[in-house]
Amino acid sequence: MELDGAAADPEALRALALVNYGHFTTMRVEDGRVRGLAAHLERLRRDCRAVFDAELDLDGVRRHLGRAVAGSAAGGGAPLIVRVTVFDPALDLGRPSAPAAPRVLVTTRPAGPLAPPPMRVVSVPYERDAPAVKHTGLFGALHARRTAQRGGFDDALFLGRDELVSEGPTWNVGFVDADGTVVWPAAEVLPGVTMELLRRHHPHVVTPVTREAAHGMRAAFATNAGIGVRAVTAIDTAPFPPDDPVLAALRETYRSLPADPVRAA
């Protein structure tokens with residue numbers, strides 16, 4: 001764990017732990033490379049403006065990222081999940097409008113398999129605060145996940161106030177319709193990097209999806225940088241196959257995407 005390229009000072013982390021105001025991106029590093037690295041960096045730039053009204057030094061972020069990956073005990077080739085969190089240790093709970101001086105925290109952990117086992121999800125009414133921002137306020141999303149798991153499911157699938165399908169707690173959701181077309185829900189969601197990469201390289205449509213329409217799809221899947229494309233085998237009581245050929249094609253598309261080196265040349 002490093003803060004601005006040096007060992008993180010516990011005192012500096014107090015604001016993140018106690019105030020929890022910031023934003024982040026999470027990426028999968030394999031052999032020192034990241035799919036969609038430019039998109040992750042652009043997300044950090046965009047969200048820093050939205051959250052702190054400040055510009056982020058992306059060259060510095062990339063240096064910190066490269067240092068953390070190189071220094072990780074698992075950095076000898078094993079895949080890593082790397083999270084880059086931007087926050088201001090001096091942020092005051094009573095006056096968050098004060099000019100901010102965001103800093104960059106980089107943490108690493110071993111990555112799981114790129115295609116984890118299929119999962120079963122339950123639909124729940126929930127909308128993330130500021131859904132376009134990947135912010136650190138995860139209580140509502142994790143509470144929904146916890147409730148779903150205690151009810152016998154693997155995760156939750158969110159429905160907006162308009163009762164349309166949106167996203168999962170930490171992933172985007174997509175579907176395959178009866179004709180084999182990939183369908184992404186039109187909703188206020190986090191613009192996930194994996195989803196965006198797949199949209200650029202695989203034919204699809206974006207349209208509103210009701211819960212009933214979701215139940216009637218041919219297949220369903222979840223995406224994020226850590227898991228790639230993960231099959232969803234049930235939404236509520238509606239079952240889906242784990243091995244639809246379109247899911248295999250999406251995985252192949254994602255795996256074939258070029259990855260950029262974490263360390264700039």
Side-chain angles (χ1 to χ4, degrees), residues 25-31 33-44 46 79 81-82 111-121 123 128 131-132 134 154-155 157-160 164-211 213-235 238-261:
T25 195
T26 301
M27 61 194 79
R28 185 183 181 97
V29 180
E30 296 178 334
D31 298 322
R33 293 176 173 269
V34 174
R35 293 179 185 85
L37 178 61
H40 283 287
L41 294 174
E42 179 55 33
R43 164 190 278 166
L44 290 172
R46 180 181 67 241
I81 298 297
V82 180
L114 190 55
M119 65 177 175
R120 299 169 59 254
V121 303
S123 58
R128 294 173 53 251
K134 194 174 179 72
D154 298 303
D155 214 335
L157 176 66
F158 299 154
L159 304 174
L164 295 177
V165 171
S166 58
E167 59 188 342
T170 55
W171 39 269
N172 292 110
V173 66
F175 301 94
V176 180
D177 70 11
D179 296 325
T181 301
V182 172
V183 177
W184 298 97
E188 293 295 320
V189 302
L190 180 74
V193 169
T194 303
M195 177 181 71
E196 293 301 322
L197 292 174
L198 288 171
R199 284 185 178 186
R200 293 176 197 172
H201 295 90
H202 196 98
H204 65 276
V205 297
V206 179
T207 190
V209 177
T210 64
R211 174 164 48 188
H215 289 171
M217 292 290 183
R218 193 176 92 184
F221 60 94
T223 66
N224 70 24
I227 62 175
V229 177
R230 183 178 186 179
V232 172
T233 51
I235 297 176
F240 302 97
D243 53 358
D244 191 280
V246 175
L247 301 191
L250 287 168
R251 291 192 187 101
E252 181 57 31
T253 295
Y254 185 65
R255 291 175 190 269
S256 67
L257 294 176
D260 300 312

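Quick note: residue numbers are just sequence positions, from 1.
- The side-chain heavy atoms of P185 and L164, taken from C-beta on, include no pair separated by under 4.5 Å.
- Among residues two or more places apart in sequence or in another chain, the side chain to side chain contact (heavy atoms under 4.5 Å, CB included) test is passed with L159 by S123, V165, R211.
- Annotation: side chain to side chain contact (heavy atoms under 4.5 Å, CB included) contacts of A38 (sequence neighbours excluded): none.
- Side-chain contact check for V182 versus F221: some heavy-atom pair is nearer than 4.5 Å.
- D155 is linked by a side chain to side chain contact (heavy atoms under 4.5 Å, CB included) to M119, V121, R145, P169, W171, counting only residues two or more places apart in sequence or in another chain.
- Under the side-chain hydrogen bond (donor to acceptor under 3.5 Å, both in side chains) criterion, no residue pair touches residues 180-202, with sequence neighbours excluded.
- Among residues two or more places apart in sequence or in another chain, the ring pair (Phe, Tyr, Trp, His ring centres under 6.0 Å) test is passed with F175 by none.
- Contact detail for R120 and T233: the closest heavy-atom pair is CG-OG1, 3.6 Å.
- When atom types are taken as modelled, the side chain of R230 and the backbone of P117 share a donor-acceptor pair closer than 3.5 angstrom.
- For residues 166-186, the pairs satisfying salt bridge (Lys or Arg N to Asp or Glu O under 4.0 Å) are R128-E167, with sequence neighbours left out.
- By the side chain to side chain contact (heavy atoms under 4.5 Å, CB included) test, A111 is found to be paired with R28, P79, I81, residues two or more places apart in sequence or in another chain being considered.
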Intermediate values then yes/no, side chain to side chain contact (heavy atoms under 4.5 Å, CB included), V34 and D260: CA-CA 5 Å; V34 174; D260 300 312; 5.8 Å; no
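- Listed by chain and residue number, T25 satisfy the side chain to side chain donor-acceptor pair (under 3.5 Å) test with R43 (two or more places apart in sequence, or in another chain).
- Sequence neighbours left out, the pairs with a member in residues 215-228 that pass salt bridge (Lys or Arg N to Asp or Glu O under 4.0 Å) are R218-D244.
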Worked verdict on T26 versus T170 for side chain to side chain contact (heavy atoms under 4.5 Å, CB included): CA-CA 10 Å; T26 301; T170 55; over 6 Å; no
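- Partners of R35 by salt bridge (Lys or Arg N to Asp or Glu O under 4.0 Å), not counting sequence neighbours, listed by chain and number: E30.
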